[in-house]
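Predicted, not measured: the structure shown is a model, and the values here were computed from it.
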Amino acid sequence: MTYSPALIASAARQLQRVFESEHQLPSQESELVQEVARLVLYLLRHNLNQLLNILYRIDVEERNVKRAMLAASEEEVAENIARLIVERELLKAQIRFRYSQN
């Protein structure tokens, strides 16, 4: 699915808050997934509980996370989880935008 730059920027701002990142996250979808994957990989290695709390807060489906964690390497797991996170935030941004128009 193709998202507008405004929706991607909104999702990036929200993810910046969720991950408590001091750096502004990119506004291009592929770059955003890469940056979130980097953050997820760090949490996988250093603070799994915080990552699980973030996934719960964002409301990523548990079965999808379990499926994502079946990947062969930590890097693949991080990228799979990052895609789930970004997709969920984009969906939430789309819903917020749609209801703000009414």
Colleague: Passes side-chain contact (heavy atoms from CB on, under 4.5 Å), I95 versus K92? Steps please.
Modeller: CA-CA 5 Å; I95 291 168; K92 289 165 52 178; 5.5 Å; no
Colleague: To the nearest 0.5 Å, what is the distance between CG (L15) and CG (L90)?
Modeller: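 One gets 8.0 Å once the value is rounded to the nearest 0.5 Å.
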Colleague: Do N80 and M69 have side-chain heavy atoms sitting under 4.5 Å apart?
Modeller: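 A side-chain contact under 4.5 Å is absent here.
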Colleague: Which atom names give the shortest non-hydrogen contact between A71 and E76, and what distance separates them?
Modeller: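 Taking every non-hydrogen atom into account, CB-CB, 3.5 Å.
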Colleague: I'd like to know if the side chain of N47 reaches the main chain of L43, judged simply by a donor and an acceptor atom lying under 3.5 Å from each other, with no hydrogens or angles considered.
Modeller: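 Not a single qualifying donor-acceptor pair exists.
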Colleague: Report yes or no: do F97 and V86 belong to one cluster of Ile/Leu/Val/Met/Phe/Trp/Tyr joined by side chain heavy-atom distances under 4.5 Å?
Modeller: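 Yes.
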Colleague: Looking at CG of L91 and CD1 of I58, how far apart are the two atoms once the value is rounded to the nearest 0.5 Å?
Modeller: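 Here the rounded value is 12.5 Å.
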Colleague: I would like to know whether V40 and F19 meet side-chain contact (heavy atoms from CB on, under 4.5 Å); could you show each step before the answer?
Modeller: CA-CA 9 Å; V40 168; F19 281 96; 4.1 Å; yes
Colleague: Between the side chains of Q16 and R13, is a donor N or O closer than 3.5 angstrom to an acceptor N or O?
Modeller: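 The criterion, which ignores hydrogens and geometry beyond distance, is not satisfied for R13 and Q16.
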Colleague: Do the charged groups of E74 and R38 touch, with an N to O distance under 4.0 Å?
Modeller: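 No, this pair does not count.
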Colleague: Spell out, yes or no, whether L84 and L48 are grouped together once hydrophobic residues are joined by side-chain heavy atoms under 4.5 Å, including indirect joins.
Modeller: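 Per the 4.5 Å side-chain linkage, L84 and L48 are co-clustered.
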Colleague: Applying the 4.5 Å side-chain criterion to the ILVMFWY set and letting contacts propagate, would V60 and Y42 be lumped into a single cluster?
Modeller: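 Yes, one cluster joins them.
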Colleague: Looking at CG of L44 and CD of E75, how far apart are the two atoms once the value is rounded to the nearest 0.5 Å?
Modeller: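 Atom-to-atom, L44:CG and E75:CD are 9.5 Å apart.
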Colleague: To the nearest 0.5 Å, how far apart are OG in S10 and CD in E89?
Modeller: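 Reported to 0.5 Å precision, the distance equals 8.0 Å.
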Colleague: Less than 4.0 Å between a side-chain N and a carboxylate O, is that true for K66 and E62?
Modeller: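 Answer for the salt bridge query: yes.
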Colleague: Between the side chain of R88 and the main-chain N/O of D59, is any donor-acceptor distance below 3.5 Å?
Modeller: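 Yes, R88 side chain to D59 backbone: donor-acceptor pair under 3.5 Å.
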Colleague: What's the spacing between L55 CG and Q50 CD if we round to 0.5 Å?
Modeller: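 Rounded to the nearest 0.5 Å, the CG-CD separation comes to 11.0 Å.
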Colleague: To the closest 0.5 Å, what do you measure between CG (L39) and CG (L25)?
Modeller: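 It is 6.5 Å, given to the nearest 0.5 Å.
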